[in-house]
Amino acid sequence: MQDAPAPFVSDWTLIDQPMVDRFADAIDDHQFIHVDPERARAETAYGGTIVHGFYLLSLLTAFTRSALPAAAPGAVEVNYGFDKVRLLAPVSVGARLRGHFTLAAETPKASGLLRRYSVSVEVEGSDRPALAADWLVLIVGG
């Protein structure tokens with residue numbers, strides 16, 4: 001039996017309230033559980049504000065910079081989409097996160113090479129990932 005490939009792991013990233021507020025502005029989602037720490041502390045079981053699920057998903061791009069090898073010269077990596085995305089646990093603002101990426105498959109395509117990564121977002125101090133997904137990235141050129 002062949003061992004599973006080792007995952008690529010990003011550096012830790014601290015998610016603070018100003019980052020969440022800027023994301024809320026960008027996507028026009030100002031639900032209080034994300035942007036109002038006092039109300040979220042008083043009215044939810046979270047103990048404060050939590051990170052948008054879509055923000056967690058968008059952080060995958062940033063995590064790749066410290067986790068995955070750089071593309072070959074002349075190559076462009078294009079987000080091809082997701083086959084599966086699951087938000088598994090809420091993430092409190094103030095948490096430190098990092099991405100885990102495992103290359104699950106590579107498939108030649110007429111337009112390039114399609115890579116499938118199994119990805120997860122780890123929350124420091126938690127046994128449960130915040131997010132799990134199958135991410136498709138098309139490598140064009142190079």
Side-chain angles (χ1 to χ4, degrees), residues 1-41 44-142:
M1 176 188 266
Q2 186 175 352
D3 290 337
F8 297 94
V9 181
S10 76
D11 295 337
W12 289 104
T13 298
L14 174 68
I15 307 302
D16 63 19
Q17 191 63 56
M19 294 166 75
V20 172
D21 293 344
R22 287 190 302 272
F23 188 79
D25 289 342
I27 67 166
D28 196 21
D29 179 355
H30 297 94
Q31 185 179 21
F32 80 94
I33 64 172
H34 305 301
V35 299
D36 188 335
E38 290 179 24
R39 185 174 173 199
R41 192 171 14 267
T44 73
Y46 301 123
T49 49
I50 60 172
V51 179
H52 298 78
F54 282 126
Y55 190 24
L56 294 175
L57 190 63
S58 70
L59 285 169
L60 294 177
T61 300
F63 293 152
T64 64
R65 285 192 212 96
S66 65
L68 297 179
V76 176
E77 298 173 321
V78 178
N79 181 358
Y80 201 73
F82 294 86
D83 276 346
K84 178 181 83 172
V85 176
R86 296 291 181 267
L87 300 170
L88 302 171
V91 174
S92 295
V93 173
R96 286 186 358 134
L97 309 175
R98 68 180 174 181
H100 293 249
F101 302 82
T102 301
L103 181 60
E106 288 186 323
T107 307
K109 302 204 52 96
S111 54
L113 180 67
L114 185 64
R115 289 186 177 153
R116 175 185 303 273
Y117 289 98
S118 295
V119 301
S120 64
V121 173
E122 176 186 2
V123 181
E124 187 176 45
S126 177
D127 293 334
R128 188 173 185 194
L131 177 148
D134 290 335
W135 190 14
L136 304 173
V137 177
L138 183 64
I139 312 299
V140 180

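Small disclaimer: the values here were computed from a predicted structure and weren't measured.
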Roughly how far, to the nearest 0.5 Å, is NE2 of His34 from CD1 of Ile50? 5.5 Å

Please report the interatomic distance OG1(Thr49) to CD1(Ile33), rounded to the nearest 0.5 Å. 9.5 Å

Sole residue of Val140, Ile139, Leu114 in side-chain contact (heavy atoms from CB on, under 4.5 Å) with Lys109: Leu114

Indicate yes or no: at least one non-hydrogen side-chain atom of Thr64 is less than 4.5 angstrom from one of Phe8. no

Just checking, any donor-acceptor pair under 3.5 angstrom between side chains of Asp25 and His30? yes

Is a donor on one side and an acceptor on the other found under 3.5 Å between the side chain of Asp29 and the backbone of Gln31? yes

May I ask you to test the Leu103-Tyr117 pair for a side-chain heavy-atom distance under 4.5 Å? yes

Closest non-hydrogen atoms of His52 and Ala24, given as atom of the first, atom of the second and distance, are CE1-CB, 3.7 Å

Would you call the rings of Tyr55 and Phe23 parallel, tilted or perpendicular, taking 30° and 60° as the class edges? parallel

Does any N or O in the side chain of Ser126 come within less than 3.5 Å of the main-chain N or O of Arg128, such that one atom is a donor and the other an acceptor? yes

More than 12 heavy atoms of other groups within 6.0 Å of Phe82 CZ: yes

Taking the side chain as every heavy atom from C-beta outward, state whether Val93 and Val51 have any pair of such atoms under 4.5 Å apart. yes

Taking the side chain as every heavy atom from C-beta outward, state whether His100 and Arg98 have any pair of such atoms under 4.5 Å apart. yes

Might you point out which heavy atoms bring Leu60 and Phe101 nearest each other, and give the distance in Å? O-CZ, 3.7 Å

Is it true that, when you exclude Phe32 itself, more than 12 heavy atoms of the residues, nucleotides or ligands shown sit nearer than 6.0 Å to its CZ? yes

Interatomic distance, Arg65 atom CZ to Thr13 atom OG1 [nearest 0.5 angstrom]: 9.5 Å

Measuring from atom CG of Asp36 to atom CG of Asp21, what distance do you get when rounded to the nearest 0.5 angstrom? 9.5 Å

Can you name the one residue among Val85, Val119, Leu87 that meets side-chain contact (heavy atoms from CB on, under 4.5 Å) with Leu57? Val85

Under 3.5 Å, side chain of Ser120 to main-chain N/O of Pro129, donor-acceptor pair present? no

Close side-chain approach of Asp83 to Arg116, heavy-atom, < 4.5 Å: yes

Please round to the nearest 0.5 Å and tell me the distance separating atom OG of Ser118 and atom NZ of Lys84. 7.5 Å

Can you tell me if CG on Asp127 sees more than 12 non-hydrogen neighbours from other groups inside 6.0 Å? no

Tell me which one of Val91, Leu59, Val123 satisfies side-chain contact (heavy atoms from CB on, under 4.5 Å) with Ile15. Leu59

Return the minimal non-hydrogen interatomic distance between Gly141 and Ala75, and the atom names on each side. O-CB, 3.6 Å

Flag the pair Trp12 / Glu122 as yes when at least one side-chain heavy-atom distance between them is below 4.5 Å, and no otherwise. yes

Glu106 atom CD: more than 12 heavy-atom contacts under 6.0 Å: yes

